[in-house]
Structure formats: C-alpha cells, structure tokens
Amino acid sequence: MKFYVTTAIAYVNARPGLHHAYEFTGTDALARFHRQRGDDVYFLTGTDENATRNEQAAKEQGIPTRQLVDRYAAEFRQMADLWHISYDRFIRTVDPDHIVGVQEFVRRWIANDDVYLSTYEGWYCTGCEAFYEESDLVNGQCPIHPTRQIQRLKEENYFFRLSKYEQRLKDLYHERPDFCVPEVRRNEVLGWLERGLKDVSVSRRNLTWGIPFPDKPGHTVYVWFDALINYATGVGFGTDEKKFKKWWPADLHVIGLDITRFHCLFWPAMLMSAGLELPRQVYAHGFLHYAGEGRLSRSSGNMIDPIAAANEWGSDALRYLLLREAPFAKDSPISPDLLDLRFNADLANGLGNLVSRATKMVELYCEARVPPPGKEGPSEKALRETAERALRAHDEYAARLDFSEALAAIFAVVEEANKHFQRTQPWQAVKEPPRKGEVEASLYAGLEAVRLVAYLLFPYMPTISPRIAEVLGVESPASAKWEAVARWGLLESGKQIRTAPSLFPRLERAKTA
RNA sequence: CGCGGGGUAGUGGAGCGGUACCACGCCGGGCUCAUAACCCGGAGGGCCUGGGUUCGAAUCCCAGCCCCGCAACCA
C-alpha cells in the first residue's frame, strides 16, 4: 500500500528548535514503521520561506532575501539529516515547481469563482508593520508598541470564499470522524465550525517577496496559503501529474496543535475548491514544554538546541527519549535532566546493559556462538510470550502514532529479558556441567529477545538498531523484510556473535530526582 | 457567561462509578553475567475546594479556585 505522509513545513524566521525535531522525528518513526512493514512510502518535509518577514529581516541584515532563506533552510535540512529524518523530499516553498503548482492551484479557485476582490481593514502598527485585531489591542494601542499611534488601514486583497464551504466541511466531519485526530483537536475544530466561517484574505499587496498571485499583478499569495499547498506540489501537483496521481491524496498530515485551524478547515476547503481529493487524516500532536515553567521556546530562554542536543545525547537516543517521554498526542514537560534520567534508566541500564550481559555470557559460556534453543523452560516461555505480545502491541500503538506506548511495549521485552536472566541465572548453572542445556536455553532466549527488540526499534533508532543486529550477526533492520524476521525463534544456532562497545554509556552527570 | 484542555505519591503520568496504578527517584535486601548495572521487597498519596447523586466517586452532576492552549490574516 502507498503511504504519503507529511510534516508541517518549518517557518524559517529562526533557527530550528527542538519542537521541529520532535515533529520530524515522530513523523519519521511513522514513515520508517510503514516502510518496514512493506508499504510504499513517500515522506515530505521542508521549509516555508515566503513570509514577508523574511524580506524585512534580510533588509535589516543588508543581504538579499534569497540568501537569508537559503541559510535558514540549510540549517533545517542539516538538522533533519543529523536526526536521520528519512524524507523523500525536502521541499522549499521557493522551489520553482512549488511556485508553478501554487499558481495553478489558485487559478482553479479563480475558475471556480471562489476568489473576489475586497478590502481588508484593520489596525496597523507601523512599529510591527503588522495588522492587529480589535481584540488584540491593549488600551486601544499596539500591545508591543503602546506609545505609538496605531492606525486604521485598509488594504485591497483577494478573498477566498471559505464561507461557501462551511456546510461541506460540516459534512466532512460528520462523515469522517477520524479526519482530525486526536479527539481533543477535533472537538476544537467542531467548535470553530459551529461558530461559522468567514471568508479569508489570500493575497498581499505590493510585496516583492512571495509567489505572484496568478493574473493579478501587484498581489502575492498570502504565505499561509502558499505554504499549505506544498503538500500537493511536493508530489508533483501542477508539474508532474503522474507523480501526483500516484501519491495524492496524502494519507496523513502531521502538524502541531497550533495550526489545526489551517489544516482542518482552510486546507480541506482549499482542496474542495481546487477539485482535489482530501487527505485521509490530520494528526495534531502536542507541544514540548520546559519542565518547570513555560513553553520550550527561544523567547523564554530554555531552548534545547536540536543540533547540539543530537551531538550530546546521540540522535538515536534523543529520538527515543523524546518520543517515549512526550506522548505524541498531548503536551509534555521536557528538560535536560528528565532526558538524562530516562537515558540512564532505559537506554544505559536497560537496553544497553542487556545487550552487554547477554553477549558477554554467550562469549564466556558458549564460545561466542549462538547456542541451540534447547528445551523451553517456564522462564523462556514467559520471555517468548512477552516478545510476541510486544510484536502485536507495538504495531497497534505505532499505527496510531502513540509512540510512547509503542516504545513501552518494546521495552517491556527488555525488562522481561533482564528478569529472565535473574530467574535462570546462567552464571550459576554454568558451574554444573550437567546443566549446560539450561544455560544454552536461557541464553538463546535472551539473544532472541534482543534480536526482536532490535528489529522493533528500527523506526526509532535507525543507527543503533542495525548495530545490535550486527552484534548478533543477523540481517540489518534497514533492509530485512519484516515477515522474514519478526517471529520468535529465527536466530540460527552456531553463528558467531560479536561483542561491541557499550551502546549507551551511562551518563554520570545525571541528577537524581 | 468566547472555545478547548487540565489540576492524582518528591517528579512525570495512567485510571474516568466499586474503594488508588505505573515509571523515575528514594530506602532495605539479594546477586555478580553486565554499563556501581540487574533482581526482590519497602516507604510515600487518598486523587484542587465546597456541595450533591449513589449502597458506593479521582471517576457522574452543580458551584468555585487555579493552570495551559486557542480566539482566523504575525507561520
């Protein structure tokens, strides 16, 4: 089955933040999960670069706008690569094919009589160079420049007949209750719909940066609308019909909960107007908050830089830590200390240590060769059953983007394997030669658990997981066919295993809670 | 009366009608294959407040307090 998934494209007014990495990683885990299960996946991500603000920022820095956005876009891409985001395309909204596609998209609105000229009127602050709503004003003045006189300004804009689609959107939500998930976000959308939709302005005047509004000289496409259209142009809309036909509609848009309105109301209406199919689903994930106070953002000074962080904890570790610690559906507190704590608990003491002790015992007691499975005792059985349960549970959770639970299911196997060793105590049994069979059965089961964990972890730890497979001498999770590896008992006896340096050296700096 | 979501052990969460659960952390014990790791046990809360429904309420209802997000042209 084909599976076309997208992240929101990142707005390039600043350097990448951890929240970008979080969204990219979650989406990447899902994309890798689908690929691993045999789906034909197209994963689109990229950057949103046509905002007016970029032009202003470039002017302030005395450089061409293009140079500014190139620089920022490169940073986002660098971050994506450092985090091993397996995108099939990194789209930039300055890409020529995107521009062509956007114009075609807008032409369809016009042809459908959904665009008309009107005036947008509002309070304009010359300090911010931005419009404000009446309700945004503080004592009738700009909230940021209270001493400056705010002006009433009018601007001629093209408007999109959003109101025309109100009923069809209501029908959509009625017919497809899972169009927007999780449910909390859907409830919000229903509330907005209930209160009615107004037409929206979709053009800006007299800007030199941005995509020219087709056939309307002097206007550019308002950046939000140009940005949304990337999901279509990213797979060839307007330039490569064959590709577009193959991938559209998107199976899933992964976004942050702050832009739900745009993706769950505007975007479907835009597609309806353009005569295109709607995406299957929009998933609005939660935000990371700094444990303690406030949101994880630059302005509050508690930013965790995703590039520095990936180098510090390791990108695989961080991918795991974020997705495990911060359930995708909701807001979660996060901090370097929390990450350290979980790193030690789950990765160093848990997974890493399990791999060490299992391989070391095989080396010491079985000449570094995979022992025969032997007779399955009660402890081996319990471990096998835990692993089999994890195989099932993982997929159910992962399919609905519940990565936290999906990972918990995998780590239940790690935990059970540690208990299994404690129960069977190969280091004791080995002292009595007649009990050799017990030692072998115990170690075989332990290795087998590790093997399955390695395969299950691939979507989350794309570099560590193959390293574990390498230690066991089995096919890399990056290439293995799922059906050929995802079953208990496939590890071949007699194969040489390798010992490897610690996967996750314990962090001694970690504070205790 | 704008909309939505929350307030449960030190911390983070689950539970959403049957008398509190999980993880981390902490304390004690065990083991020694392993990254002072691993295993077992324990302490610690009665679920924001006040009413109500019920045989029985974190769980349902009402009122209030507090926190967070959103409030459409700044992505």
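Proteins get letters first, then strands, A, B, ... in listed order; numbering begins at 1 in each.
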>> As a test of the definition: with a 90° window around 0 for syn, would you call B:G4 syn or anti?
In response: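 Anti for B:G4; the angle lies over 90° from 0.
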> Is the glycosidic torsion of B:A58 within 90° of 0, making it syn, or is it anti?
Replying inline: syn
Considering every strand shown, what is the Watson-Crick or G-U wobble mate of [N] when both distances are under 3.5 Å?
N	value
B:C24	B:G10
B:G18	B:C55
B:G4	B:C68

>> Please determine whether the number of non-hydrogen atoms from other residues, nucleotides or ligands lying under 6.0 Å from atom CD of A:E183 exceeds 12.
In response: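 No - once you tally the heavy atoms of other residues, nucleotides and ligands closer than 6.0 Å, there are 12 at most.
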The side chain of [X] lies closest to which of these nucleotides: [options]?
X	options	value
A:R195	B:G13, B:C3, B:C38	B:C3
A:L341	B:C74, B:C39, B:C24	B:C24
A:K419	B:G13, B:C39, B:U35	B:C39
A:K330	B:U35, B:C73, B:G13	B:G13
A:S502	B:C74, B:U35, B:G5	B:U35

>> Output one letter per nucleotide in nucleotides 28-33 of chain B: B when a protein non-hydrogen atom lies under 4.0 Å from the base, S when only the sugar-phosphate is that close, - when neither is.
In response: --BSSB
>> Students often mix this up, so state it plainly: with edges at 30° and 60°, are the rings of A:F343 and A:F504 parallel, tilted or perpendicular?
In response: perpendicular
